[in-house]
Amino acid sequence: MNTMTLKPGALTLEDLQAIHRGGIRLELDPSAAPMIAASAAVVQRAAAGDAPVYGVNTGFGKLANKRISESDLALLQLNLIRSHSVGVGGPLQPPVLRLMLAMKAASLARGASGVRPVVIDSLLQVFNAGLVPYVPSQGSVGASGDLAPLSHMTLALIGEGEFFVEGKRRPAKAVLAEAGIAPLQLAAKEGLALINGTQTSTALALHAFLAFEPVLESALVVGALTVDAARGSDGPFDPRIHKLRGQPGQMDVAQYYRALLAGSAIRRSHETGDDRVQDPYCLRCQPQVVGACLDQLRHAALVLLREANAVTDNPLVFAEPDGEGTLISGGNFHAEPVALAADAMAVAIAEVGAIAERRIAMLIDAGVSRLPPFLTSDAGLNSGFMIAHVTAAALASENKSLAHPASVDSLPTSANQEDHVSMATFAARRLQPMIDNTAHILGIELLAAAQGIEFLRPLASSVALEQAHALLRDACPSVERDRYLAPDIERATTLVTDGALSRVFRTLTGLPALWIPA
């Protein structure tokens, strides 16, 4: 198993992808140790002092004016975790938990949280043991940190929660013992440092971002295949058009389409003698639409990468070189950046699906595509892709509702102390069903476009698009007459989500990177 050095404040998108994927061990960069020790010393002095310090020797939220005696400080932290473990709903998935554990460790290791090294060690031990805390997915408003989900994660670390082991929930104390990991004993501020923060909403958004990557690459391949199936023009992808506008995503997507369509005999066959002047928007405006989506996703990636490297608990500890220091209360736990990034992702995901649904509608419309009605040679006796398109329309409509921004909603909590919240956790959590919907739309389009190509034989498409066509035909035969189509849709969708079509896209050389490095 490979070992990755966790460098606080310097995680890359590639690092996060490796953590999300799993199968690695994490070790903390030794250079983090001095700042961790210095900030912990500041908290320990504050805990022993007379001045009230929020979260160290006071209550929490609206109870911040309640002073806690020094003898009860450890119990204060333990009660915090117990009382805040109130999540509901289905559990978060292992890749999300891996990101949560690693990002929380990296955040605490920046030395601005005041925790002892043992807290960070506990997070890394659980990660390296491959343990998955049981964390319900609902219950965070993304404001005073992702309190409920991070509390459930912490509850497992201290031996009072649960872990998932082989798909079953088991008491944390026994699982930790079997792994040779001592339950974490919390000291002053440590419970608060563990549960204040945006690591759950950020992990959910990153999980969606990484899951959407092969879907977006598949959308490019399938969209290009539809261009050829409809005998569309490659003129709208001319670089001169896009350079005049100057939108980077648009220029890159046009270049992707040029590469995907290069060498198509289908395209050459109608360069002359075709009386159509312009293609429908769903074909010729793909760079403008998908390119704008790509720009939004690239921006979201930068926001999420910053957040993955951020310190987002409260209060923050600023240790001085002379050994002194101060704690300052702020609001880095407010997840508005994550919420807005997730909302932008939602709109982009919905739009990629929406234009794909329009391409399916175009393909089955004989008056526009000039292919047989509903892509069947015996329409009437056979309905062809008529109702497969209805399914795509239903999914696109669902995505429209799900794309409504979550960040514009706010319900005050904690007796109006926490009076504006981000709803970032839901904003990020709702992305996964949207990705599933878009992937299914693309699976249906793949089936329809491949069927359209076959009406143009013996002409061949480009090398890349013929590879995509062959992948589909290995999984699903041609639809010569009506048959039970739902299993074909699932198999085609798997090609979209599992990276098969992505690999076709990635065989193309000399193209700009999908995600621009930070």
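All residue numbers in this chain count up from 1 along the given sequence.
N309 and A10 make their closest contact through OD1-N, 3.0 Å (heavy atoms, listed as atom of the first residue, atom of the second, distance). Residues V115 and I36 share a closest heavy-atom pair of O-CG2, 3.6 Å. Taking both residues in full, the closest heavy atoms of S218 and L501 are given as OG-CB, 3.4 Å, listed atom of the first, atom of the second, then distance. Across V338 and T202, no two heavy atoms sit closer than the pair CG2-OG1, 3.5 Å. Among all heavy-atom pairs drawn from A38 and A319, the shortest one is CB-CB, 3.8 Å. Minimum interatomic distance between G443 and A492 (heavy atoms only, all atoms of both residues): O-CB, 3.5 Å.
Using a distance-only test at 3.5 Å, with no hydrogens or angles considered, a donor-acceptor pair links the side chain of T507 to the main chain of V504. With hydrogens and angles ignored, the 3.5 Å screen pairs no side-chain donor or acceptor of Y257 with any backbone N or O of G223. Between the side chain of N128 and the backbone N or O of L26, at least one donor-acceptor pair lies under 3.5 Å. For the pair S122 (side chain) and L184 (backbone), a donor-acceptor distance under 3.5 Å is absent. Side-chain atoms of N332 come within 3.5 Å of backbone atoms of V311 as a donor-acceptor pair (strictly under, hydrogens ignored). Side chain of S137 to backbone of G90: a donor-acceptor contact under 3.5 angstrom is found. A donor-acceptor contact shorter than 3.5 Å links the side chain of D15 to the backbone of T12. Distance alone, capped at 3.5 Å, is enough to place a donor-acceptor pair between the S83 side chain and the L80 backbone. Remark: side-chain polar atoms of K189 are not paired, donor with acceptor, to backbone N or O of N57 under 3.5 angstrom. A donor-acceptor pair is defined here as one N or O able to donate and one able to accept, closer than 3.5 Å; such a pair exists between the side chain of R98 and the backbone of I19.
Residues P214 and D498 have side chains not in contact (no heavy-atom distance under 4.5 Å, counting atoms from C-beta outward). Counting only heavy atoms from C-beta outward, the side chains of L294 and W515 approach each other to under 4.5 Å. With contacts defined as side-chain heavy-atom distances shorter than 4.5 Å, the pair L514/E217 qualifies. Annotation: side chain of M345 is in contact with side chain of L304 (closest heavy-atom distance under 4.5 Å). Counting heavy atoms from C-beta outward, V42 and F318 have side chains that stay 4.5 Å or more apart. The side-chain heavy atoms of S113 and L108, taken from C-beta on, include a pair separated by under 4.5 Å. Contact of the F164 side chain with the P94 side chain is not registered, since no non-hydrogen atoms from C-beta on lie closer than 4.5 Å. For the pair T493/L442, no side-chain contact is recorded, criterion being any heavy-atom separation below 4.5 Å from C-beta on.
Contacts of R21 classified as side chain to side chain donor-acceptor pair (under 3.5 Å), with partners at least two apart in sequence or in another chain: none. Take D72 and apply the side chain to side chain donor-acceptor pair (under 3.5 Å) test, not counting sequence neighbours, and it matches S69. Scanning for side chain to side chain donor-acceptor pair (under 3.5 Å) contacts around Q138 gives an empty result, with sequence neighbours left out.
H334 and H420 have their aromatic ring centers within a separation under 6.0 angstrom.
H440 and E490 share a donor-acceptor pair across their side chains, judged by distance under 3.5 Å alone. Inspection of the D146 and T425 side chains reveals an N or O donor paired with an N or O acceptor under 3.5 Å. Donor-acceptor pairing under 3.5 Å is lacking for the side chains of S107 and D313.
Of the listed residues (L157, L101, L176, L97), just one forms a side chain to side chain contact (heavy atoms under 4.5 Å, CB included) with L131, and that residue is L176. Evaluated for a side chain to side chain contact (heavy atoms under 4.5 Å, CB included) with Q77, the options L192, L194, I158 yield exactly one hit, L192.
Within a 6.0 Å sphere centred on CD of Q185, other residues, nucleotides and ligands contribute 12 heavy atoms or fewer.
Ring-plane geometry between H20 and H207 is classed as tilted, the angle between the planes lying from 30 to 60 degrees on a 0 to 90 degree scale.
A salt bridge links R430 to D343: one of the charged nitrogens lies within less than 4.0 Å of a carboxylate oxygen.
Taken from CG in L150 to OG1 in T200, the straight-line distance is 3.5 Å, to the nearest 0.5 Å. In this structure, CD on Q125 lies 5.5 Å from CD1 on I181, to the nearest 0.5 angstrom. Atoms CZ and OG, from R116 and S39 in turn, are 12.0 Å apart once rounded to the nearest 0.5 Å. Atom CD of E336 and atom CE of M423 lie 11.0 Å apart (nearest 0.5 Å). One distance of note links CD of Q288 with SG of C293; it measures 12.0 Å at 0.5 Å rounding. N399 contributes atom CG, which lies 10.0 Å from atom CG of L431 (distance to the nearest 0.5 angstrom).
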**OP:** Applying side-chain hydrogen bond (donor to acceptor under 3.5 Å, both in side chains), run through N196 and T312 and close with a yes or a no.
**Re:** CA-CA 7 Å; N196 260 188; T312 53; over 6 Å; no
Original post:
Taking it one step at a time, do E160 and R82 satisfy salt bridge (Lys or Arg N to Asp or Glu O under 4.0 Å)?
Top reply: CA-CA 9 Å; E160 292 194 13; R82 290 167 171 165; 2.8 Å; yes
Subject >> Steps toward side chain to side chain contact (heavy atoms under 4.5 Å, CB included) verdict (V290, E351) >> reply: CA-CA 8 Å; V290 181; E351 281 293 88; over 6 Å; no
**OP:** Would you please test N314 and Y54 for side chain to side chain contact (heavy atoms under 4.5 Å, CB included) and show each step?
**Re:** CA-CA 9 Å; N314 180 65; Y54 176 74; 3.8 Å; yes
Subject >> Step-by-step side chain to side chain contact (heavy atoms under 4.5 Å, CB included) determination, T3 to I24 >> reply: CA-CA 6 Å; T3 298; I24 60 169; over 6 Å; no
Original post:
Given T198 and E307, is the side-chain hydrogen bond (donor to acceptor under 3.5 Å, both in side chains) satisfied, shown in steps?
Top reply: CA-CA 8 Å; T198 62; E307 198 73 4; 2.8 Å; yes
**OP:** Show your reasoning for whether side chain to side chain contact (heavy atoms under 4.5 Å, CB included) applies to L6 and L11.
**Re:** CA-CA 7 Å; L6 196 64; L11 289 168; 3.6 Å; yes
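Remark: R170 is not positioned above the aromatic ring of F163, lacking an NZ or CZ atom under 6.0 angstrom from the ring centre and at most 45 degrees off the axis.
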